[in-house]
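Okay, structure first, notes after.
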Amino acid sequence: MVLVLMSNRLKICLAASAGGHISQLLKLAESWKGYETCCVTTTGVVQEKLQKYGKVYVVGECNREHLLKVVAVFVRCVNIILRERPNVVISTGAAVGCVMCFLGKLLGANVVWIDSITNVEQISLSGRMVKYVADLFLVQWPELAEQYSNAEYVGAVV
Amino acid sequence: MIFLTVGTQFPFDRLVKSVDEVVSQDGFSDDIFAQIGESSYRPHNFEAVSFLEKRLFDKHIREASGIISHAGIGTIMMALDDRKPLLVMPRLKEYGEVVGDHQVAISRKFEELGHILVAHSKGDLLDRIKKLQSFVPQQRTNQAEVTADRITKFLYELSSLRKS
């Protein structure tokens, strides 16, 4: 009975850049309690904080202005997604979260995206891309939910 | 003691230099301790380190009478949690300090709501630093719990679908 339950347990990959993105994601830790999780982030600064949520992968910083770094990070993310094969990817951004969501989706994972509270007037660039593959897309300002059809406003995490 | 931090990821010479220049002016007497990251500007008027180990960083946040920082949401969250008076200077894309101007938007919004003070440049910095000591931040209630519940519900429905 226990073995059957464990094999039905969802495997979740948490993905967020170090800094404000991870801080916001960790505010939601109650939601993945009891599930098997692993974490993908950009620098080792937050590794200690994340270790209680399972294996932590540090893939390096990347943003839209350094495309070569994005490619390197992308390759590391491909290796992680093939190794972990999560059922769900939960992310608050930024670019690393976006990459993990798309790669996860390619392997059949469900995608949960929570756009950062710092995006006040419009959803982030990563968010605007991920909303095409997201199964649950949350925004933290009510006006943003009005702008996009599949965006849901529940509240602000901060 | 006022704690100045630029965050852990990028330098912020403009903030460090501005604070260094205004504190030597009349009417300012508080101690400042700074974590300046990879900023190349070294201040003359207060002690600064590049990096602080997490435990020490948290200790400085806890013990500070006020915090001056970039408008990174991570630092804003820490200050709100500890109910510390916080003065931010948003990083600007035009100076290569950040990839977009989201720090300006969140600063404006949180200033409107009374949670933080904002200085956009050296020009308004001295005035804001003087206000910092007596600033009482408006408390913020968040909906992290209901947001987590929403995700819990989603995961539960997904689990149920897989079992059936």
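Since we're looking at a predicted model, the values are computed, not measured. The figures that follow rest on heavy atoms only: side chains count, while hydrogens, waters and symmetry mates do not.
Proximity to chain B (any heavy atom under 4.5 Å) is shown, for A/Ala18, by both the backbone and the side chain. Of the two parts of A/Val112, only the side chain, counted from C-beta on, holds a non-hydrogen atom closer than 4.5 Å to a non-hydrogen atom of chain B. The part of B/Asp81 that comes within reach of chain A is its side chain, from C-beta onward, which places non-hydrogen atoms under 4.5 angstrom from that chain. Contacts between A/Gln140 and chain B at a heavy-atom distance below 4.5 Å are absent for every atom of the residue. For A/Ile114, the part sitting under 4.5 Å from any heavy atom of chain B is the side chain, from C-beta outward, and nothing else. Residue contact with chain B, scored on non-hydrogen atoms closer than 4.5 Å, is absent for A/Leu125. Looking at A/Gln24, both its backbone and its side chain come within 4.5 Å of chain B, counting heavy atoms on both sides.
To the nearest 0.5 Å, the span separating CD on B/Gln103 from OG1 on A/Thr118 amounts to 8.5 Å. The distance from atom CG of A/Asn87 to atom CZ of B/Arg162, rounded to the nearest 0.5 Å, is 4.0 Å. To the nearest 0.5 Å, atom CD of residue A/Glu152 and atom CZ of residue B/Phe154 are 10.0 Å apart. Residue A/Leu136 holds its CG atom at 10.0 Å from NZ of B/Lys153, rounded to the nearest 0.5 Å. Atom CD1 in A/Ile117 sits 8.5 Å away from atom CE in B/Met77 (nearest 0.5 Å).
For chain B, the option among A/Lys27, A/Glu121, A/Lys49 with the highest count of heavy-atom pairs below 4.5 Å is A/Lys27. Comparing A/Ser31, A/Gly34, A/Ser124 by heavy-atom pairs within less than 4.5 Å of chain B, the highest count is held by A/Ser31. Considering only heavy-atom pairs separated by less than 4.5 Å from chain B, the leading option among A/Ile12, A/Val45, A/Asn110 is A/Asn110.
Counting heavy-atom neighbours within 6.0 Å of B/Glu145 CD, excluding the residue itself, gives a total of 12 or less. Shown here is A/Lys105, whose NZ atom has more than 12 heavy atoms of other residues, nucleotides or ligands within 6.0 Å. Atom CD of B/Glu53 sits in a crowded spot, with more than 12 heavy atoms from other residues, nucleotides or ligands closer than 6.0 Å. Residue B/Tyr156 qualifies as open at atom OH: its count of foreign heavy atoms under 6.0 Å is 12 or below. Annotation: B/Arg128, atom CZ; neighbour count of heavy atoms from other residues, nucleotides and ligands within 6.0 Å is above 12. Within 6.0 Å of CG on A/Leu68 lie no more than 12 heavy atoms contributed by other residues, nucleotides or ligands. When the shell of 6.0 Å around CZ of B/Arg83 is examined, it contains 12 or fewer heavy atoms from other residues, nucleotides or ligands.
In terms of hydrophobic clustering, with Ile, Leu, Val, Met, Phe, Trp and Tyr side chains grouped at heavy-atom distances under 4.5 Å, A/Phe102 and A/Phe137 are assigned to a common cluster. Following chains of ILVMFWY side-chain contacts shorter than 4.5 Å, one can reach A/Val96 starting from A/Leu82, so the two form part of one hydrophobic cluster.
Looking at A/Glu30, its side chain never comes within 3.5 Å of a backbone N or O of B/Ala148 through a donor-acceptor pair. Side-chain atoms of B/Arg150 never come within 3.5 Å of backbone atoms of A/Val154 as a donor-acceptor pair (strictly under, hydrogens ignored).
Taking every heavy atom of both residues into account, B/Leu155 and A/Trp32 meet most closely at CD1-CA, 4.5 Å. The two atoms that bring B/Arg140 and A/Ala156 nearest to each other are NH2-CB, 3.7 Å, heavy atoms only. Minimum heavy-atom separation, B/Gly74 to A/Ser23: CA-OG, 4.2 Å.
In this structure, the side chains of A/Val158 and B/Phe110 come closer than 4.5 Å at one or more pairs of heavy atoms. Side-chain contact check for B/Ile106 versus A/Val120: some heavy-atom pair is nearer than 4.5 Å.
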Legend entry - Verdict with supporting geometry, B/Ile151 and A/Ile90, side chain to side chain contact (heavy atoms under 4.5 Å, CB included): CA-CA 9 Å; B/Ile151 299 170; A/Ile90 303 179; 4.2 Å; yes
